[in-house]
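For reference, the structure discussed in these notes is given below.
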There are 2 protein chains.
Amino acid sequence: MTEPSGRRERKKAATRQKIADTALRLFLERGYDAVGIRDVAAEADVAVTTLFSHFASKEALVFDQDENFERRLTRAVTDRPPHEPLIPALRREILALLRHCASEAAAPIWRMIDGSPALREYEKSMMTRHAESLAAAIAADLGLPRPTTACRTIARFTVDAYSLAREAADPETALDEIFRMVEAAWEVARPDTASRAFAHHGSGAQDVG
Amino acid sequence: MTEPSGRRERKKAATRQKIADTALRLFLERGYDAVGIRDVAAEADVAVTTLFSHFASKEALVFDQDENFERRLTRAVTDRPPHEPLIPALRREILALLRHCASEAAAPIWRMIDGSPALREYEKSMMTRHAESLAAAIAADLGLPRPTTACRTIARFTVDAYSLAREAADPETALDEIFRMVEAAWEVARPDTASRAFAHHGSGAQDVG
DNA sequence: TCCTAAACGCTAACCGTTAGTGCTACGGTC
DNA sequence: GACCGTAGCACTAACGGTTAGCGTTTAGGA
């Protein structure tokens, strides 16, 4: 019951990988909607229940490899060069993600995702989940114990930037424009320099400017 | 085949209303997840197929009355007082929506929504859909033929504000903070006055109470 | 060696949703 | 008032994703 080290882990990982590979292959061959869970399970030579013990849903079969998405976002904050400001670091990472998805060998996969409403929905809710991790990373970067509203907001805006840029005709130009807006939003909210903008919070009085 | 005026329409509306009422009652009595579509249909004395001819999904049964949500957002733009700036008008409307959801007789409904992941997801994707209408309304307000990236971004940020404020411990204070950020984002992006960077309007433009 | 537990399998269902089909009643027209 | 097109609704049956219940194998540790 200590560490499940060794062969068992490898077998499990192999099964998982076989399922994911099979699923992706079938989806690309016949289309996402035309392939059923039972098809994937049969082709991967596992039971349906086994498939669902590795993946929470049919959509998760597609976004398996993109779990590192979250990692990349948080690392863009934590592992950036010492004096690089926060927002440019995020912008750089989003740009890299955009390019990774747009070109590369991943093109047919993203065509498939764009072609299925269920997958698009899933990706969006995935991004929103990741925004919460990003908010935590930003808060930690600022030395805050817990994410503030401003952290959560900037995190949400950042994943919006990804989502909006991906839908734009010219993603990279759109990203520039959106991040100018994100930067401006951050400038009025960041705790270290916000003192000149507002000095009160928590009490009833609210005001702008 | 002209206008289906009269009794038929009324009967249809009555059936729809009966289904919605029954569904809401059962959901509140037993919990959303504990009530099946077949239960609702039986209790409303209609066939399952009839239910689905009135409502696109189970979640839509809950958000039936909130179709005006989209209308309210776009009208906050189109029907605002002549010289009121865009962002404060949006802020005012979001505040009204927050209050409408938080207090009022709607409290148990929102408790139910918050208690069901499926419903929370549905609400979020609904808001994202509404963001696109809002973007169109903003574009029209500026005399643009089609929504630009900036319009879409501000629209998205606006519905984010609603979503983030609703999750916050103190929604109204959070909304103030978020809208300060939205305002800043808009200032650097708005096409007509992008040059005069910041114009603070300090006097009490927002109504409280 | 034996014991525990994880991984896997099978069956059988549950649940939301849809297709196919047909009946009924309403509304407009002659 | 009789006629007809069509909208609303019902019923059966299924599809596809997902899960529960329960049994079987197999690896790892005692």
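Keep in mind the model is a prediction, meaning the values are calculated, not measured. Each chain gets a letter, A, B and so on, in the order the sequences are listed, and its residues count up from 1.
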**Message:** Counting the atoms with a prime plus P, OP1 and OP2 as sugar-phosphate, which does B/V46 contact under 4.0 Å by heavy atoms, base, sugar-phosphate, or nothing?
**Reply:** sugar-phosphate
**Message:** Does anything in residues 46-59 of chain A form a side chain to side chain donor-acceptor pair (under 3.5 Å)? List the pairs, not counting sequence neighbours.
**Reply:** A/S57-A/E59
**Request:** Identify whether any heavy atom of B/V35 sits under 4.0 Å from a base atom; if not, whether one sits that close to sugar-phosphate; answer base, sugar-phosphate or nothing.
**Result:** sugar-phosphate
**Item:** Check: B/R91 side chain, B/F179 main-chain N or O, donor-acceptor pair, under 3.5 Å
**Value:** no
**Request:** Would you indicate which nucleotide in C/dT17, D/dC9, C/dC8 comes nearest to any side-chain atom of B/S53?
**Result:** D/dC9
**Fill in**
Double-helix bend of the helix from C/dT1-D/dA30 to C/dC30-D/dG1, axes at both ends from 5 pairs, round to 10°, gives 10°
**Asked** Within the structure, does a side-chain N or O atom of B/T50 lie under 4.0 Å from either OP1 or OP2 of D/dG8?
**Response** no
**Message:** Measuring to OP1 and OP2 of C/dG9, would you say a side-chain N or O of A/T49 lies under 4.0 angstrom away?
**Reply:** no
**Message:** From C-beta outward on B/A47, which listed nucleotide comes closest to its side chain: D/dG17, D/dT19, D/dC11?
**Reply:** D/dC11
**Prompt:** Nearest of D/dA27, D/dA14, D/dC9 to any side-chain atom of A/K11?
**Reply:** D/dA27
**Request:** Check whether any side-chain nitrogen or oxygen of A/H54 sits under 4.0 Å from OP1 or OP2 of C/dC8, and answer yes or no.
**Result:** yes
**Nucleotide nearest B/E59 (side chain, heavy atoms from C-beta), chosen from C/dT17, D/dT19, D/dG17** = C/dT17
